[in-house]
S.K.: 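Supplied in structure tokens, the structure appears directly below.
Remember, it's 1-based here, ligands and their atoms both numbered in the order they're listed. These numbers were taken from a predicted model, which means no experiment stands behind them.
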Amino acid sequence: MKKIVIEGNHLLSGTVHIGGAKNSVVALIPASILTKGKCVIENVPDISDVRILIDTLKYLGSKVTFKDEVLTIDNSNVEPKAISEEFASKIRASYYFMGSFLSRFNTVDISCPGGCVIGTRPIDIHLEAFSKMGVKIKEDDGHYVMNTKKLEGKNIFFNFPSVGATINVMLSAVLAKGKTKIINAATEPEITNVASFLNSMGAKVFGAGTSTIEITGVEELHDGYVKVIPDRIEAGTYLIIGSLLGRNFKVDDIIEEHLYALISKLEDAGVKLKVGKNSITVNKTKNLKAVNIKTGVYPGFVTDLGQPMSAFLTQCEGESLFEETIYENRLRHVPHLNNMGADIKAFDKKAIIRGKTNLVGRKVKATDLRAGAAMLIAGMVANGTTTIYNIEHLLRGYERLVDKLNNVGANIKLIDE
Ligand code: UD1
């Protein structure tokens, strides 16, 4: 069991470099299955989700090397072995093996995807699309066996622009017979990153990043290359930390455009951000003002930064209304924040956050990945010592978190008991 111990209230100076996006790389690795050629993926973050996916590829017969943030994958000898619960339940993104296996092998045998317990997280949109494309699906208690003679391109309308379903349909469509159109597709930057990778292999994907994506199936794919985009959630988390504790605190290797919603809300709260070419510098801001946050699909305020932002709002003067619109259970961290002295009333998927409250160090839990980030932020601004348990969740999404923060002046210890 790992925990982190934070001595709060240390100002942070210097530069934090942002790694590759978790939510991109967890799709890019299963996407590599689509080709027998060699794939090179650069700017890969060293996080546990990546290690789990590498182990899964090796189990399937891949040759993989991972060194200096570069992942080289040779899937020429991969076989469509069953992906058991042991692998699939560790991360949500294991569902991308559905799309890539159906494309390459016309079959997949996989257990239910795992991931953070932030809602019911069904995969019905993925399954309906597969079925429309000619896949026969058998499900038994979270175990899926799917078969098709050959995937067929179709027009597919999504009731909701699901990130996972958009990527899964792209993976299914690149080698399918004919043309696929995804209508009401998700537009998150990670989708564009995956489309670039597919096109580098010879796929024909047009319109990624817009709500209509057209994919014309090709016979075969060849070698592929992609550089993972910067992790906008990691960058956003550090920008929030810098707004509370920074002294010339630079968040480097970012794409500003991916962070517009957060930047706008931080500015509304009174934070002054200095935007450079690929970086933003921020300072601790006094007299922060309350702001209302409503999460939404891209380019709205990303749900993954909602919990970190809730910790920030405890430091703002006045009453902020926080509303989550994507998941049912994004507020499980609230009792832990209140235990540290916050004044938050949570109801349905909303919370009223009254500030400014002086937080004090306590023993708390990371109930999921982004809840862990919220507790980390709270611990860093609190007086005294905060211990966060169950931080395996947190380490899944933040590369070298403790080192990155200690290098700029934080006092955080990672303890493995
Ligand atoms: C991805 C991200 C996650 C992020 C989310 C929204 C990964 C690995 N995870 O998750 O960090 O919070 O996008 O930006 O990339 N839904 C259905 N049926 C479906 C699919 C989704 O009802 O078939 C619902 C979900 O329960 C949720 C909402 O749609 O309420 C959003 O889901 P989706 O966009 O698919 O997110 P994920 O791909 O799971």
S.K.: Of all the atoms in ligand 1, which lie at a distance below 4.0 Å from a heavy atom belonging to Thr303?
M.R.: 6 (C), 12 (O)

S.K.: Any idea which part of His126 is under 4.0 Å from ligand 1, heavy-atom wise: side chain, backbone, both or neither?
M.R.: both

S.K.: Please classify the Ile326 to ligand 1 contact at 4.0 Å (heavy-atom distances, strictly less than): side chain, backbone, both or neither.
M.R.: both

S.K.: Would you please say whether a donor-acceptor pair under 3.5 Å links the side chains of Asn106 and Thr148?
M.R.: no

S.K.: Which is it for Phe160 and ligand 1 at heavy atoms under 4.0 Å: side chain, backbone, both or neither?
M.R.: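 Near ligand 1, Phe160 shows its side chain, while the N, CA, C and O stay back.
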
S.K.: Atom OG1 of Thr387 and atom CD1 of Ile415: how far apart are they, to the nearest 0.5 Å?
M.R.: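 That separation rounds to 7.5 Å.
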
S.K.: With no hydrogens and no angle check, just 3.5 Å: does a side-chain donor-acceptor pair link Asn75 and Ser62?
M.R.: yes

S.K.: Tyr95 heavy atoms, cut-off 4.0 Å: which ligand 1 atoms fall inside?
M.R.: 37 (P), 38 (O), 39 (O)

S.K.: Which atoms from ligand 1 have a heavy atom of Asp124 less than 4.0 Å away?
M.R.: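 Selected atoms, number and element: 17 (C), 18 (N), 19 (C), 22 (O), 23 (O).
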
S.K.: Pull out every atom of ligand 1 sitting under 4.0 Å from any heavy atom of Arg330, numbered as shown with elements.
M.R.: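 Answer for ligand 1: 12 (O).
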
S.K.: Assess the side chains of Ser310 and His333: does a donor N or O sit below 3.5 Å from an acceptor N or O?
M.R.: yes

S.K.: Quick one: CZ on Phe312 to NZ on Lys265, what's the gap to the nearest 0.5 Å?
M.R.: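 With rounding to 0.5 Å, CZ (Phe312) is 11.5 Å from NZ (Lys265).
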
S.K.: Which bit of Phe158 is near ligand 1, meaning a heavy atom under 4.0 Å away: side chain, backbone, both or neither?
M.R.: neither

S.K.: With rounding to the nearest 0.5 angstrom, report the CG to CZ distance, Asn168 to Phe97.
M.R.: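 Reported to 0.5 Å precision, the distance equals 11.0 Å.
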
S.K.: May I ask you to list the atoms of ligand 1 that are less than 4.0 angstrom from any heavy atom of Gly164?
M.R.: 35 (O), 38 (O)

S.K.: Looking at ligand 1, does any of its N/O atoms fall within less than 3.5 Å of an N/O of Ser162?
M.R.: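 By distance alone, the answer is yes.
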
S.K.: With nothing but distance in play, are any N or O atoms of Ala93 less than 3.5 Å from an N or O of ligand 1?
M.R.: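 No, there is no polar N/O contact under 3.5 Å.
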
S.K.: Determine the interplanar angle of the Tyr398 and Tyr238 rings, folded into 0 to 90°, and report it as parallel if under 30°, tilted if 30 to 60°, perpendicular if over 60°.
M.R.: perpendicular

S.K.: Quick one about Tyr327 and Thr303 (side-chain donor to acceptor, distance below 3.5 Å, no hydrogens or angles considered), yes or no?
M.R.: no

S.K.: Kindly identify the option in Ala165, Ser94, Pro122 whose heavy atom sits closest to atom 21 (C) of ligand 1.
M.R.: Pro122

